[in-house]
Amino acid sequence: MTTAAPAPAGGPAPVRPGPPASAHAGFLRIREPLAAWKAVVLGLLPVLALLVLWMIVTTGAAEERVISPTILPSPGEVVASFPLLWFDRAVTRNLAVSFTRVVEGFALAVAVSFPLGVLMGAFTKVKAAFTPLTVFGAYLPIPTLVPLTLSLFGTAELQKVMFLALAFSIYLVPLFVAAVDAVDDTYLKTAYTLGATRGQAVSRVLLPISWPDIWQAMRLGFGVGWSYILLAEMVDVGRGIGGIIITSQRRGPREHIYLVLVIIVAVAFLTDKLWAAVGRFLFPHRAGKR
Amino acid sequence: MEEQPKVGPTGLGKLVLFVFVLACLGGAAYYFRGLIAPSGRDSTGPVNMDEFKKVEAPDTKGITTVSEYKYVPGEKLPPVKGVSAYKWGADKVVNFPINVWIGWLPIVAANGGFSPNPDSIFAKKYGFKVNLKLIDDPVVARDAFAAGESHVLWGTLDMMVLFAPDLMKDSRSAPRIFQQVDWSSGGDGIVVRGAIGSVADLKGKTIVYAQNSPSQYFINNLLLNAGVQPSAVKHKFTATAFEAAAAFVADKSIDACVSWAPDIYNIPDKVKGTRVLTTTAEANKLIADVWAARADFAKDHPEVVKGLVAGIFDGMDRLQDATQREKAYAWMAEGYGMQADEVKAMAQDAHSTNFSENKAFFLNANDPANFERTWKNVTFVYRELGLIDTPVRFDEVMDFSVLQELDKAGGFAHQKDESRASFTPTSYKKISAESPILTQTIRINFYPNSANVYEPQHDESGKPVANTLYDPSVAATLEKVARLVGQYERAVVAVVGHTDSSMKGKGTRFEDVKALSNDRAEAVKQALVKKYNFDPNKFTVEGKGWDEPANADDPMNQALNRRVEVSVYPPESK
C-alpha cells in the first residue's frame with residue numbers, strides 16, 4: 001500500500017558535498033518528494049494497463065479471442081454478471097459471513113500469539129523453547145490441516161474460525177517476536193539504571209516501544225486471512241465468499257470467480273486503509289516519520 | 001492569528017448532528033436492506049413433485065424393446081466456429097486426464113500404462129498416442145480442457161450437465177460425449193447413522209456431501225423419488241467426498257453422508273451405529289462415467305476420436321485375460337502412485353460398459369437408463385435445486401456417430417451385454433421382511449373396478465371412447481417409475497396396489513377389493529415389463545385392498561388411497 005505523505009518542504013539543497021547531481025536529475029530521482037495526486041496517478045497506471053490488457057485478450061466473438069471466455073470472461077461480461085452475484089447469490093451477506101469469520105479467527109489468534117510473541121521477544125529461554133515450533137509452522141502446508149480441524153472442531157462455524165486462527169497465529173507470532181526484538185538495548189539499559197524491575201522493563205519499555213511495530217504486524221497479518229478463506233470454507237460450503245468461488249468453479253458462471261476476487265481485493269484495500277488510519281491515530285509520532 | 005468569534009454548532013450540537021446523520025444512514029440501510037444485502041435465491045424451494053414425472057418420454061408410441069434414434073448427430077450438435085485452439089503436434093499425442101477410478105482400467109490396459117508409448121493399442125492399431133494424466137480435481141481437469149491443454153475431459157454425466165453450459169460458451173471447447181466407460185457399481189454410496197431405515201426417514205435430518213458432484217445427484221434423486229422435498233432435509237456441503245466422509249465421522253449431529261468407496265464401507269466398520277443405506281451396487285445404472293472430447297478436436301480428428309473409442313473397447317477385450325488384467329492393475333497402481341493391492345480393491349467399484357452396453361446407452365431410445373433419460377433426469381434434479389439456469393439439451397453433447405460406424409464395421413459384435421441382472425421369482429412376503437431403500441408412491445387413475453392402465457374414457461352410457469385415455473398422464477407416470485427401476489437395475493421391486501375404502505361396510509367383500517388392488521399392481525408391472533423390457537422376475541406384486549390408507553391421519557381421503565406404491569428393495573444375494 002502506498003502511504004505517501006509528502007515530506008516536509010525542505011529548503012534549498014544543503015551546501016555540504018551531497019550525492020552526485022545525477023541522483024537529483026532526470027525522471028527517476030532517489031527519494032524525491034512526490035505530490036499525493038501524482039502518487040495516486042502512478043498507482044492507477046498499472047491497474048489501467050492491466051484492465052486494457054484484459055480487454056484486449058478478451059474482445060471479439062468467443063472463438064476469436066486470445067483467451068477463451070471459458071477461461072477468462074471479458075471485463076464487460078464480468079460486470080454484467082454482477083446483479084446475479086448480488087441478488088441471487090447474496091454476495092453481501094456471504095461477505096459479511098466471511099468477514100466475521102476472519103475477524104473472529106484473527107481475534108483468537110491475537111489473543112494467543114500476542115502474549116506468546118511478547119514473552120518470546122522478551123525472554124530468551126521462552127524463545128528457545130518455542131522457536132522450533134514456529135519454524136515448523138512457517139513451513140507447514142496449511143491445507144493439510146483442514147481434515148485435522150474437521151475432526152477436532154466439527155463442521156460448523158468453530159472449525160472455520162479455528163482454522164483461520166491457526167493460519168493467523170503461524171503468521172503473527174514471528175512478527176510479534178521481531179517487533180519486541182527490535183527494541184534497542186539502550187532503552188532497556190536506561191530503564192535498569194533508573195531502577196526498573198523485570199516486569200516494568202516489559203510493560204513500560206519493551207511493549208510501549210514495540211506497539212507501532214506490533215500494530216504494523218497485525219495490519220499485515222489481517223490480510224493473510226483472506227488468502228485462507230477458500231480453504232476455511234471448503235467444508236459446509238454454502239455460506240461465505242469462499243463457497244461462492246468453489247461453487248462457481250464447479251458450475252459457473254466463471255465471471256463470479258473474478259468478481260469475487262475483485263471484491264476481496266476491494267475489501268482488503270479498505271480494511272488496510274482502516275488499519276493505517278487507526279495506526280496514525282494511535283501512534284501519531286510514527287505517522288510523522290512515514 | 002486573531003481570535004475569531006466561534007461560529008457553528010457547539011460540541012454537543014456536533015454530537016447530536018453526528019448521531020442524527022448516523023441514524024439516517026442506518027435507517028436508509030435498513031429500508032434498502034433488500035437491495036444492499038439481498039438474501040439470495042432460495043435454491044432449495046419446494047419441488048413440484050408432479051413435474052418430476054413430466055420429463056418427456058421420448059417415444060410413447062412404439063412399444064418395442066429397441067428403438068434406435070433416427071437423427072444424425074451432426075445436425076443437432078452445435079457447429080464449431082473459429083480456429084481450433086488445442087495443442088497438437090506431429091507426434092500425435094492425445095492428452096487424456098483421468099481421476100483415481102477403477103473405471104479407467106480398460107484405457108490403461110489399452111495404453112500399456114500412463115505415458116504415451118509406441119507399443120500401445122492406440123499407437124499400433126490407430127496411429128496415435130495417448131498420454132494418461134492423473135488430474136483428480138475436476139475443476140483443474142475442466143480448466144485444462146477449456147484451455148486446450150487436454151483434448152479430453154473425464155467426468156460423470158451429472159458433472160457434464162453442470163460443466164456443459166459454461167464450456168459451450170466457446171463452441172470449440174463444447175464437450176462431445178462419444179462413449180460411456182462404466183457405470184458406478186458400488187463406488188458411490190450413502191451411509192446413515194441411527195434408526196434411518198429408508199430414504200423417507202431422512203426427512204428433517206442432516207446430510208453431508210460434496211456439492212456439485214455425483215453425490216449431490218445421487219442423494220437428491222433418491223429424495224425426489226421417495227417423495228421427500230429436498231428442502232425438508234438439512235444439507236451440508238463439502239468440497240470433496242473425502243471431506244464429507246470425514247465430517248460425518250467427526251460430527252455426530254450429521255445423520256447421513258454421501259461419499260465414495262472405500263470410505264462408505266470403512267465407516268460402518270469403524271463407527272458404531274452407522275450402516276450403509278444404499279450404494280451404486282444396487283443403483284447400478286445411476287451414475288455413468290463418460291469422457292468428452294473438445295468439439296474442435298473431434299471435428300479436426302474424427303479418426304483419432306474413433307480410435308479412442310475403439311481402443312477402449314479393445315482394452316476391455318484385453319482385460320478378459322487374467323495376466324493382462326494383472327498387468328493393467330500394476331500399470332494403474334504405478335500411475336496413481338498406489339499399491340497394486342489398493343487398485344485391485346477398487347475393482348468392484350465400477351462396471352465397465354462394453355460395446356453393446358454402450359449401444360443400449362447411446363442408441364436405444366427405449367432403454368430406461370439410457371443417455372437421454374439420465375441426462376434429463378440429472379437436468380431436472382439440478383434445475384429444481386436451482387443449480388442450473390439454462391440447461392443444455394442431451395443431443396447437443398451426445399454424439400453416437402462413432403458407435404454407429406463401429407457397429408457397421410462389426411468389429412465389436414462379440415461384446416455382448418452380459419451384465420443384466422438376473423432375478424429368481426420371489427414373494428412379496430419374503431422381500432418385504434426387510435425395509436425398502438425407498439418407496440415411490442404413484443397415482444394412476446384407474447377406471448372404477450378396472451385394472452387396465454390404458455383404460456379409455458367412457459361416454460355417458462358407459463361405452464369406451466376410442467383413442468382416449470382415462471388417465472392421460474399414465475405414460476409419464478410409468479416413465480417416472482421406469483427411470484427409478486432402471487437406475488436400480490440390480491434391486492428387487494415390489495409393486496403394491498391399494499384401493500379406496502368407499503365400499504367398506506356396504507356389502508363388498510374384502511377378497512374382491514384385494515383382488516382388484518392386486519390386479520392393478522400386476523397391470524403396472526406388465527406395462528413396465530412390456531414397454532421397457534424389464535425382467536418380470538424383478539417385480540413382486542401385492543394387493544392390499546383398503547387395509548392401508550395412504551395417510552393414517554386422514555383415512556377417508558379416498559383420492560389419496562387409490563394408489564400404487566413402488567418400493568425398491570436391496571437385492572437378496574449381495
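The sequence lines fix the lettering, A, B, ..., with proteins before strands; numbering per chain opens at 1. Here the structure is a predicted model, which is why all the values come from computation and not from measurement.
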**Sidechain N-carboxylate O distance under 4.0 Å for B/K299, B/D296** =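 Salt bridge absent between B/K299 and B/D296.
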**Prompt:** In terms of side-chain geometry, is the basic nitrogen of A/E233 or A/K160 positioned less than 4.0 Å from the acidic oxygen of its partner?
**Reply:**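 Not counted as a salt bridge, because no side-chain N and carboxylate O are separated by less than 4.0 Å.
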Residue [X] versus chain A: region with a heavy atom under 4.5 Å:
{"X": "B/L35", "answer": "both"}
{"X": "B/A247", "answer": "both"}
{"X": "B/S213", "answer": "both"}
{"X": "B/S171", "answer": "both"}
{"X": "B/D251", "answer": "side chain"}

**Message:** Given heavy-atom pairs under 4.5 angstrom as the criterion, report whether the side chain, backbone, both or neither of A/A96 touches chain B.
**Reply:**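 No part of it gets close to chain B.
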**Asked** By a 4.5 Å heavy-atom criterion (distance strictly below it), what part of A/E255 contacts chain B: side chain, backbone, both, or neither?
**Response**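 Side chain of A/E255 only, per the 4.5 Å heavy-atom cut-off to chain B.
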**Asked** Strictly by modelled atom types, are B/Y382 and B/N220 linked by a side-chain donor-acceptor pair under 3.5 Å?
**Response**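 No, B/N220 and B/Y382 have no side-chain donor paired with an acceptor closer than 3.5 Å.
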**Asked** Distance only, no hydrogens: is a donor on one side chain within 3.5 Å (strictly under) of an acceptor on the other, for A/R89 and A/S248?
**Response**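 Present: a donor and an acceptor within the cut-off.
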**Request:** Just jot down the side-chain hydrogen bond (donor to acceptor under 3.5 Å, both in side chains) partners of B/R176, sequence neighbours excluded, or say none.
**Result:**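 Counting only residues at least two positions away or on another chain, B/R176 forms no side-chain hydrogen bond (donor to acceptor under 3.5 Å, both in side chains).
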**Prompt:** Can you name the side-chain hydrogen bond (donor to acceptor under 3.5 Å, both in side chains) partners of B/W291, sequence neighbours left out?
**Reply:**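 Checked B/W291 against side-chain hydrogen bond (donor to acceptor under 3.5 Å, both in side chains); matches are B/Q179.
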**Asked** So which bits of residues 138-149 of chain B come within less than 4.5 Å of chain A, counting non-hydrogen atoms only?
**Response**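 Those residues of residues 138-149 of chain B which have a heavy atom under 4.5 Å from chain A are B/P138, B/V139, B/R142, B/D143, B/A146, B/A147.
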**Message:** For chain B, which candidate among A/Q159, A/R251, A/E64 shows the most heavy-atom pairs at distances under 4.5 Å?
**Reply:**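 Most pairs with chain B among the choices: A/R251.
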**Asked** How about A/M218 and A/F222: do any of their side-chain heavy atoms sit closer than 4.5 Å?
**Response**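 No, every pair of side-chain atoms sits at 4.5 Å or beyond.
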**Message:** I'd like to check the ring pair (Phe, Tyr, Trp, His ring centres under 6.0 Å) partners of B/Y209; sequence neighbours left out, ordered by chain and number.
**Reply:**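 Partners of B/Y209 by the ring pair (Phe, Tyr, Trp, His ring centres under 6.0 Å) criterion, ordered by chain and then number, come out as B/H235, B/F237.
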**Request:** Measure from NZ or CZ of B/R172 to the centre of the six-membered ring of B/Y86, then state whether that distance is under 6.0 Å and the direction lies within 45° of the axis.
**Result:**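 Pair B/R172/B/Y86 does not count as cation-pi.
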**Request:** Could you pull out the closest heavy-atom pair between B/M168 and B/A174, with the gap in Å?
**Result:**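 Closest pair (atom of B/M168, atom of B/A174, distance): CG-CB, 3.8 Å.
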**Request:** Tell me, out of B/V161, B/N212, B/V83, B/L162, who's got the most heavy-atom pairs with chain A below 4.5 Å.
**Result:**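 Ranked by heavy-atom pairs under 4.5 Å with chain A, first place is B/N212.
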